[in-house]
Amino acid sequence: FFVEIVAGIEPIASVGGYGLLLCSSGEDPTKERAELEMLRSRQVDGIVLASAHGSANEDLLRQLTGLGTAIVMIDRDDHPRVDCHRVLTDDERVGVLATTHLVELGRKAIAHIGGPNIVHAKRREKGWREALKSKGVKIDPEWFVEGGFMESDGYRATKRLLTVRPRIDAIFAANDPAAIGAMKAIWEAGLKVPDDIAVVGVGDIALGDLLKVPLTTVSWSRKDQGLNAAELLLNGLDSEEKDAPRRVIIPPRLVVRESSGGTRA
């Protein structure tokens with residue numbers, strides 16, 4: 001996922017005469033803080049950041065912007081008090097697209113594996129709830145399980161969902177790795193995807209179409225995310241006056257494959 005974003009950033013940075021330092025927090029706020037401290041010590045011109053948590057490092061981010069380091073928040077809409085540009089997708093719409101697709105395929109008990117405690121994961125959950133409500137489906141509290149963005153999170157959450165009775169017949173996971181973990185748990189239980197339980201993820205990660213059962217997902221252009229982030233960052237660096245923070249929204253779209261049963265419908 002983030003490799004594709006970097007592929008959008010690099011050409012713009014290169015033309016502007018800038019190089020890239022790449023860091024990966026693994027969704028760990030402590031590691032993210034250490035990396036931000038390192039970038040500050042290197043006196044980097046700007047940072048494109050997909051933040052690990054909603055509040056853990058806001059103080060440091062505000063220090064960085066106060067020192068003149070340009071920041072663009074990408075794919076995450078946390079840290080509302082940090083004065084920066086943001087390049088996002090419409091995550092509530094993501095949840096609506098995925099859930100409405102499952103309802104329209106005739107699924108009656110659609111569970112959701114939530115992401116970590118960050119804003120865009122909560123918005124996907126909200127989209128799931130709103131879509132079911134609009135279709136007149138009453139949500140069983142057991143249909144929602146707090147999970148995460150890793151395959152192991154989706155696997156553990158699905159093991160729990162498989163104990164729910166009456167049995168669920170669909171899962172919308174907060175991202176593709178969690179959806180892949182969900183499918184693994186379903187297969188281990190001797191069930192079939194999508195015959196017994198349909199699965200939809202988010203992010204359209206590379207090779208998702210080459211899985212044992214190709215994964216239905218919600219996608220958007222990560223290249224456009226990277227391009228917009230780099231342009232916002234470099235425009236700010238080249239300007240003597242600081243631009244007012246901008247929000248760029250990359251629209252999501254549904255990618256239908258076999259895991260939801262949509263290709264058969």
Side-chain angles (χ1 to χ4, degrees), residues 1 89 91-115 121 123-220 252-265:
F1 183 92
T89 192
D91 284 294
E92 189 171 335
R93 178 69 179 157
V94 166
V96 169
L97 285 172
T99 309
T100 301
H101 172 64
L102 290 166
V103 172
E104 291 178 347
L105 289 172
R107 304 291 169 161
K108 305 295 184 184
I110 302 169
H112 178 50
I113 299 173
R123 287 176 180 160
R124 291 174 193 177
E125 177 193 340
K126 183 180 179 183
W128 166 72
R129 293 184 184 277
E130 291 296 325
L132 290 179
K133 181 180 178 181
S134 70
K135 295 293 185 179
V137 179
K138 185 178 180 181
I139 298 174
D140 185 324
E142 290 189 293
W143 291 358
F144 175 76
V145 178
E146 291 185 356
F149 281 159
M150 303 299 179
E151 182 179 327
S152 57
D153 297 320
Y155 177 83
R156 285 193 299 269
T158 302
K159 296 287 268 189
R160 178 175 164 186
L161 287 170
L162 290 173
T163 68
V164 174
R165 294 294 181 271
R167 194 175 72 193
I168 61 166
D169 59 10
I171 292 175
F172 161 48
N175 75 346
D176 283 353
I180 291 168
M183 290 198 290
K184 181 180 178 183
I186 292 167
W187 291 326
E188 279 190 7
L191 301 172
K192 294 181 179 180
V193 177
D195 301 48
D196 298 307
I197 301 177
V199 177
V200 177
V202 178
D204 196 17
I205 61 171
L207 307 182
D209 57 334
L210 300 179
L211 296 169
K212 175 181 174 182
V213 177
L215 181 62
T216 294
T217 187
V218 182
S219 182
W220 57 94
R253 60 186 177 86
L254 186 69
V255 179
V256 180
R257 300 191 184 109
E258 193 175 329
S259 71
S260 64
T263 55
R264 302 179 187 180

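Residues His101 and Val256 are in side-chain contact: their nearest non-hydrogen atoms beyond the backbone lie under 4.5 Å apart. Here the side chains of Ile139 and Phe144 are not in contact, with every heavy-atom distance at 4.5 Å or above. Contact annotation: the side chain of Thr89 approaches that of Asp91 to within less than 4.5 Å [non-hydrogen atoms, C-beta and beyond]. Inter-residue side-chain proximity for Leu162 and Leu191 is flagged as met; some heavy-atom pair is nearer than 4.5 Å. No side-chain heavy atom of Asp196 sits less than 4.5 Å from a side-chain heavy atom of Ile186. For the pair Val137/Ile110, no side-chain contact is recorded, criterion being any heavy-atom separation below 4.5 Å from C-beta on. Looking only at side-chain heavy atoms (C-beta outward), Arg124 and Val218 stay at 4.5 Å or farther from each other. Between Lys133 and Arg129 there is no side-chain heavy-atom pair separated by less than 4.5 Å.
Considering all non-hydrogen atoms of both residues, Ala198 and Ser260 come closest at CB-O, 3.7 Å. Taking all atoms of both residues into account, the shortest heavy-atom contact from Ala98 to Val200 is CB-CG1, 3.7 Å. What you find for Ile205 and Asp176 is that their closest heavy atoms are N-OD2, 2.8 Å. Taking every heavy atom of both residues into account, Ala174 and Gly115 meet most closely at CB-N, 3.5 Å. Considering all non-hydrogen atoms of both residues, Gly203 and Phe1 come closest at O-CD1, 3.9 Å. Smallest separation of non-hydrogen atoms from Ile171 and Ala182: CD1-CB, 4.3 Å.
In this structure a side-chain-to-backbone donor-acceptor pair under 3.5 Å is missing from Ser219 to Val255. Between the side chain of Arg107 and the backbone N or O of Asp169, at least one donor-acceptor pair lies under 3.5 Å. Asn175 places a side-chain N or O within 3.5 Å of a backbone atom of Phe149 that can act as its donor or acceptor partner. Under a 3.5 Å cut-off, the side chain of Ser134 and the backbone N or O of Ala131 do form a donor-acceptor pair.
Around the CD atom of Glu130, the shell of radius 6.0 Å holds more than 12 heavy atoms that belong to other residues, nucleotides or ligands.
Atom CZ of Arg156 and atom CE of Met150 lie 10.5 Å apart (nearest 0.5 Å). Rounded to the nearest 0.5 Å, atoms NZ (Lys108) and CG (Leu102) are 12.5 Å apart. A distance of 10.5 Å separates CG in Asp153 from OG1 in Thr158, rounded to the nearest 0.5 Å.
Each of Thr99, Val94, Thr100 was scored for a side chain to side chain contact (heavy atoms under 4.5 Å, CB included) with Val96, with one residue passing: Thr100. For the pairing with Arg257, the side chain to side chain donor-acceptor pair (under 3.5 Å) check across Thr217, Thr216, Asp204 returns one residue only, Asp204.
Between Lys126 and Glu92 there is a salt bridge, since a side-chain N of the basic residue sits under 4.0 Å from a carboxylate O of the acidic one. A salt bridge links Lys135 with Glu104: the closest approach of a Lys/Arg side-chain nitrogen to an acidic carboxylate oxygen falls below 4.0 angstrom. Here Arg160 does not pair with Glu142 in a salt bridge; the nearest charged N to carboxylate O distance is not below 4.0 Å.
A parallel orientation is assigned to the rings of His112 and Phe172, their planes being inclined by less than 30° (bins at 30° and 60°).
Taking the ring centre of Trp187 as origin, the terminal cationic atom of Lys192 falls outside the region bounded by 6.0 Å and 45° from the ring axis.
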Q | Audit row: Leu215, Met183, side-chain contact (heavy atoms from CB on, under 4.5 Å) steps and yes/no | A | CA-CA 9 Å; Leu215 181 62; Met183 290 198 290; 4.1 Å; yes
